[in-house]
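Before any comments, here is the structure.
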Amino acid sequence: GDSVTQMEGPVTLSEEAFLTINCTYTATGYPSLFWYVQYPGEGLQLLLKATKADDKGSNKGFEATYRKETTSFHLEKGSVQVSDSAVYFCALPISSNTGKLIFGQGTTLQVKP
Amino acid sequence: DGGITQSPKYLFRKEGQNVTLSCEQNLNHDAMYWYRQDPGQGLRLIYYSQIVNDFQKGDIAEGYSVSREKKESFPLTVTSAQKNPTAFYLCASSIVSGGLEAFFGQGTRLTVV
């Protein structure tokens, strides 16, 4: 069945460091892929998305490229800030006609000043 | 502004009691979902509904019930049959057609006392 695997956290970085959070998936066909972010005590917010192979999603300095060859959708940011400290979830739709999502286990990012 | 509203933000339940979590959306989305989040884990789907007066079980429906009498509302009842209800509950909605992102509420933290 479809699945999403994220790198385990927590990830601790200094401010202005480069961030990579790995995400790989197994799925039938080429579904859309999403990154969500969850700040402490809050719900999830869509960070970025890519709807087809080779698409690059970007938002707030974060980027992720949909790579069908490696079935990956790694999240990157060139220079993290303390305010980026949050939990990041990779997700994909289970099927094309229900809207249900499956999520990775989440990766906690802590950025220190 | 359009969005999803969950209430209450914090909820305390005594053992043996049923409690109902509210979820309202004004995005005109057909589909709504309930997820459960436990510490250090991803989100697990409890129930979902693609249309008024219809809903389906997700991966962990035991001990929960829902209703969908209005398009805007999808309340979740945590019954006394749910043995470990303490968790963070997230409601989401989306357009039914596949490949589109879900929008989330701010969550309800339920604690059994």
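Residue numbers start from 1 in every chain, and the chains themselves are labelled A, B, ... in the order their sequence lines are given, proteins ahead of strands. Keep in mind that what you see is a predicted model, and the values were worked out from it rather than measured. Reckoned from all heavy atoms, side chains included, excluding hydrogens, waters and symmetry mates.
Only the side chain of A:Q38 comes within contact range of chain B, with heavy atoms under 4.5 Å apart. Only the side chain of B:L90 comes within contact range of chain A, with at least one heavy atom under 4.5 Å from a heavy atom of that chain. A:L46 touches chain B through its side chain: at least one heavy atom from C-beta onward sits under 4.5 Å away, while N, CA, C and O do not. When heavy atoms are compared at a cutoff of 4.5 Å, B:Q6 does not approach chain A at all.
A salt bridge links A:K77 and A:D84; the closest N-O separation between the charged side-chain nitrogens and carboxylate oxygens is under 4.0 Å.
Outside the 6.0 Å centre-distance limit, the rings of B:F55 and B:F74 are not counted as a close aromatic pair.
Ranking A:G41, A:G106, A:P10, A:G9 against chain B, the residue ahead of the rest is A:G41, based on heavy-atom pairs under 4.5 Å.
Between B:Y33 and the options B:S93, B:S49, B:S94, a side-chain hydrogen bond (donor to acceptor under 3.5 Å, both in side chains) holds for only B:S94.
Considering only heavy atoms from C-beta on, A:F62 stays 4.5 Å or farther from A:E76 through its side chain.
Closest approach of B:E69 and B:N53 over heavy atoms only: CA-OD1, 3.9 Å.
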